[in-house]
Amino acid sequence: MATFPEYIAQNEERDGVRFSWNVWPSSRLEATRMVVPVAALFTPLKERPDLPPIQYEPVLCSRATCRAVLNPLCQVDYRAKLWACNFCYQRNQFPPSYAGISEVNQPAELLPQFSTIEYVVQRGPQMPLVFLYVVDTCMEDEDLQALKESLQMSLSLLPPTALVGLITFGRMVQVHELGCEGISKSYVFRGTKDLNAKQLQEMLGLTKPSATQGRGPQTAQQPLSNRFLQPVQKIDMNLTDLLGELQRDPWPVTQGKRPLRSLGVAMSIAVGLLECTFPNTGARIMTFIGGPATQGPGMVVGDELKTPIRSWHDIEKDNAKFMKKATKHYESLANRASTNGHIIDIYACALDQTGLLEMKCCANYTGGYMVMADSFNTSLFKQTFQRVFTKDVQGSFKMAFAATLEVKTSREIKVSGAIGPCVSLNAKGPCVSENEIGTGGTCQWKICGLDPSTTLALYFEVVNQHNAPIPQGGRGAIQFVTQYQHSSGQRRIRVTTTARNWADAQTQIQSIAASFDQEAAAILMARLAVYRAETEEGPDVLRWLDRQLIRLVRGPGLKPGSGLRGSETDFMFHLRRSPFLQVFNNSPDESSYYRHQFNRQDLTQALIMIQPVLYAYSFNGPPEPVLLDSSSILPDRILLMDTFFQILIYHGETVAQWRKAGYQDMPEYENFKHLLQAPVDDAQELLHTRFPMPRYIDTEHGGSQARFLLSKVNPSQTHNNMYAWGQVRPSP
Ligand SMILES: *[C@@H]1O[C@H](CO)[C@@H](O)[C@H](O)[C@H]1NC(C)=O
Ligand SMILES: *[C@@H]1O[C@H](CO)[C@@H](O)[C@H](O)[C@H]1NC(C)=O
Ligand SMILES: *[C@@H]1O[C@H](CO)[C@@H](O)[C@H](O)[C@H]1NC(C)=O
Ligand SMILES: [Zn+2]
């Protein structure tokens with residue numbers, strides 16, 4: 001029998017699931033006494049190159065309220081050709097195509113190694129991918145030039161059949177007609193007046209794809225496109241030219257003013273255009289902005305430069321004049337886009353805030369990317385944007401579209417909610433708990449955009465009554481059914497079926513405690529804390545967190561000092577002062593950005609975000625991980641810190657002096673040259689793989705950027721004094 005850590009690693013590898021508990025308390029009462037609920041981090045499209053999709057469709061339980069998918073945990077009667085659903089116990093007949101099955105001739109979905117399996121849906125049309133570029137033109141020439149080059153580059157990465165469109169905006173909004181013969185044509189809209197879908201449809205003369213186009217196989221004569229969205233292969237030359245010719249917004253900007261930027265209307269037109277033409281089809285609206293919206297619906301600041309954009313201080317004082325109205329505007333756009341399965345990405349590149357706080361739901365509700373950089377002419381933006389188009393070994397994009405996730409549970413457990421880049425589909429049913437956590441009251445969520453690292457936190461409630469013991473050996477089961485549009489245009493269904501043992505918390509507390517996954521639990525609690533911080537700003541969240549922590553430290557399964565790269569008190573110390581909960585060192589946009597990333601990344605990345613990783617390089621041996629503590633800073637060491645958002649190399653005092661003196665260039669000090677190079681090489685590897693690309697900082701003792709390191713390492717004494725958990729005597 002594998003140890004729990006091995007078991008946890010195996011399950012994560014195979015199913016993309018990490019549960020807080022791997023043995024579940026068998027009664028509701030006992031479960032509620034545990035601080036950390038039964039919950040899971042689930043990565044729906046975890047990369048499984050060893051898992052070729054199978055070319056038929058899943059077999060479903062015949063009970064209308066269940067419809068669970070046949071899986072390796074089902075009991076099968078090969079002689080009678082029946083299978084019993086492990087969720088509702090319904091006995092089901094196999095479909096006729098399964099007539100040949102036997103103990104020695106089992107379909108893949110019954111084999112234990114296929115607890116995660118992917119099906120290709122054979123029905124329905126191949127859907128085109130749609131990419132709509134929404135481009136701000138109120139920016140410096142250098143930025144605009146760099147952005148244009150990135151956009152042109154991206155055209156070459158799109159599949160030839162993908163449909164593309166272009167909207168540009170400054171004071172006015174222009175929708176560009178593509179593929180018109182000769183001169184380029186565009187429709188111009190005022191940036192001060194919102195348009196609903198119907199108005200837009202009339203003004204642009206849009207038609208919904210006709211019935212034959214929407215369904216049935218597509219024919220070459222009837223490509224799904226319109227004047228504004230055309231196949232790349234047809235217009236890439238012309239669009240490349242068009243992008244090359246883009247100019248800065250021609251309206252003059254007077255001294256002391258911000259440019260008038262109609263971002264709110266531009267996004268509204270983008271959402272409306274896709275809503276009218278490609279409802280329920282995978283599509284990305286990619287928005288590139290160089291500053292805040294300054295007019296019309298969605299404006300976040302006025303055009304007077306002397307009035308700065310809202311700060312946390314203004315928000316606290318209820319002095320952020322445009323915030324509520326703007327947020328409402330973007331929320332309604334986000335809801336419309338997600339209803340139609342459309343993704344909204346935001347690339348905000350500016351030195352000041354651009355309104356990510358108000359716009360965050362656009363990316364969050366739709367599974368879109370949010371990227372923040374100082375300028376479009378930075379490798380942070382350029383490389384990150386290029387990485388969006390990464391392909392897998394089969395040559396397909398790693399991005400997936402228009403997904404839904406459904407959770408099915410066995411009778412003793414129900415789902416309370418999800419936290420992550422998703423919206424509720426309001427699907428009621430026997431699996432739905434009345435106690436909501438996160439986005440709850442449903443067993444289905446929509447995730448318009450997801451990639452192999454997109455991770456949802458799902459919270460469950462044990463509902464089995466104390467006086468209804470579960471038979472010895474009984475297992476609780478959860479099935480995750482993810483339906484999505486693969487970037488090849490296929491519809492696919494990925495099914496993951498997991499089960500865990502039940503145990504009586506009164507007699508078997510040890511086995512429950514031993515099954516505790518500290519890392520998963522820490523991130524699941526952190527997501528909950530960040531969720532609360534988003535919804536109820538203020539000191540209450542920290543107080544709540546502290547109460548949970550104190551209970552955690554006393555609770556089952558948590559012995560102080562038992563791991564998690566330092567003790568769990570260390571981890572919670574870092575969470576407490578992380579940018580995810582502490583807002584006052586950051587702008588509102590930065591807080592929104594950090595939280596957005598934290599809410600969608602997988603466990604490993606989330607752990608790094610909360611408790612940065614620190615490596616030391618010295619002549620005393622190979623690089624080694626060291627404590628994130630000021631005592632780790634030594635004169636003869638180089639440190640490499642990874643905070644997820646930043647990769648920082650810090651040269652200790654002596655090392656910095658040697659470097660200044662140029663020892664690395666003298667042949668007799670070649671080992672010093674290697675010492676300097678080692679962290680740079682390791683940093684490059686991180687820079688090349690991470691999404692979004694981190695900020696790279698090279699600094700040294702006394703350097704101005706050393707503050708980024710110093711703000712993360714905890715001053716040794718203060719920490720110990722502040723967090724003497726053992727002395728806390730809370731009331732229960
Ligand atoms: C972008 O930045 C690089 C390096 O800082 C500079 O050489 C280049 O000219 C800039 N690009 C534009 C379009 O200004
Ligand atoms: C592309 O541009 C050329 C030259 O302006 C024009 O003749 C041609 O019709 C355009 N093609 C499409 C598909 O728009
Ligand atoms: C994202 O949206 C969900 C609701 O769909 C919400 O629960 C969550 O707090 C949001 N997260 C962020 C970081 O805004
Ligand atoms: Zn069933």
Side-chain angles (χ1 to χ4, degrees), residues 57-77 80-95 98 107 109-110 115 117 119 135-154 168 240-241 243-249 288-291 347 349-351 371 373-386 406-415 427-432 443-444 463-464 470 474-481 483 493 495-499 687 693 695-698 705:
E57 294 190 21
V59 172
L60 305 182
C61 172
S62 59
R63 191 188 295 266
T65 53
C66 177
R67 310 298 279 170
V69 179
L70 176 64
N71 64 77
L73 302 172
C74 295
Q75 298 271 338
V76 176
D77 180 340
K81 307 277 187 260
L82 290 174
W83 60 280
C85 175
N86 60 321
F87 291 92
C88 71
Y89 308 108
Q90 170 87 354
R91 287 163 67 79
N92 296 288
Q93 229 141 28
F94 278 104
Y98 283 63
E109 63 266 40
L110 289 178
S115 52
I117 192 164
Y119 302 87
V135 181
D136 184 359
T137 57
C138 301
M139 55 177 92
E140 297 298 322
D141 288 326
E142 177 183 336
D143 269 65
L144 189 59
Q145 187 55 37
L147 174 57
K148 279 154 59 167
E149 285 165 17
S150 282
L151 298 180
Q152 289 171 329
M153 175 278 302
S154 72
T168 55
T240 302
D241 291 347
L243 287 169
E245 285 156 18
L246 282 186
Q247 301 286 324
R248 276 175 77 168
D249 192 43
F288 304 87
I289 59 180
Y347 298 89
C349 296
L351 288 169
V371 173
D374 291 345
S375 143
F376 286 104
N377 192 19
T378 52
S379 51
L380 203 165
F381 165 72
K382 292 181 193 175
Q383 306 254 335
T384 300
F385 183 51
Q386 193 160 357
E406 178 168 11
V407 170
K408 298 182 185 294
T409 57
S410 50
R411 284 172 182 170
E412 309 83 7
I413 188 163
K414 288 178 194 280
V415 60
K428 310 289 177 206
C431 303
V432 179
C443 57
Q444 289 182 28
V463 293
N464 195 51
I470 296 167
R475 308 189 83 193
I478 295 176
Q479 189 169 67
F480 303 93
V481 182
Q483 307 208 28
I493 304 176
V495 181
T496 293
T497 313
T498 57
L687 290 170
M693 189 185 174
R695 201 178 286 264
Y696 180 60
I697 299 164
D698 181 323
Q705 308 224 65

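Read the numbers this way: they start at 1 and go in the same order the structure lists the ligands and their atoms.
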Review point. Which is closest to atom 3 (C) of ligand 1 by heavy-atom distance: N377, T378, L147, D143?
Key: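 Selected option, by shortest heavy-atom distance: N377.
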Q. Rounded to 10°, how big is the angle at the Zn ion (ligand 4) from C66 SG to C88 SG?
A.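 It rounds to 110°.
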Check: Between SG of C85 and SG of C61, what angle is found at the Zn ion (ligand 4), rounded to 10 degrees?
Finding: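 Here the angle at the metal atom is close to 110°, to 10°.
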Tell me whether [X] contacts the main-chain N or O of [Y] through its side chain, where contact means a donor paired with an acceptor under 3.5 Å.
X    : Y    : result
T384 : M693 : yes
D77  : L82  : no
T240 : Q152 : no
K408 : C66  : yes

Report task. For a side-chain hydrogen bond (donor to acceptor under 3.5 Å, both in side chains) with N377, tell me which candidate from Q145, E149, K382, E140 qualifies. Result ->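 The passing option is K382.
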More than 12 non-hydrogen atoms from neighbouring residues, nucleotides or ligands closer than 6.0 Å to CD on Q93, yes or no?
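Atom CD in Q93 is not packed in, count stays at 12 or less.
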Would you confirm whether any non-hydrogen atom of the protein falls under 4.0 Å from atom 9 (O) of ligand 1?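 Flag for atom 9 (O) of ligand 1 set to false, no protein heavy atom closer than 4.0 Å.
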- Message: Any protein heavy-atom neighbour for atom 5 (O) of ligand 1 (distance below 4.0 angstrom)?
- Response: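 No, there is none.
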Could you list the atoms of ligand 1 found under 4.0 angstrom from a heavy atom of Q145?
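In order of number, 13 (C).
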Report the nearest protein non-hydrogen atom to atom 14 (O) of ligand 1: residue, atom name, distance rounded to 0.1 Å.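 Heavy-atom neighbour on the protein nearest atom 14 (O) of ligand 1: E142 CG, 2.8 Å.
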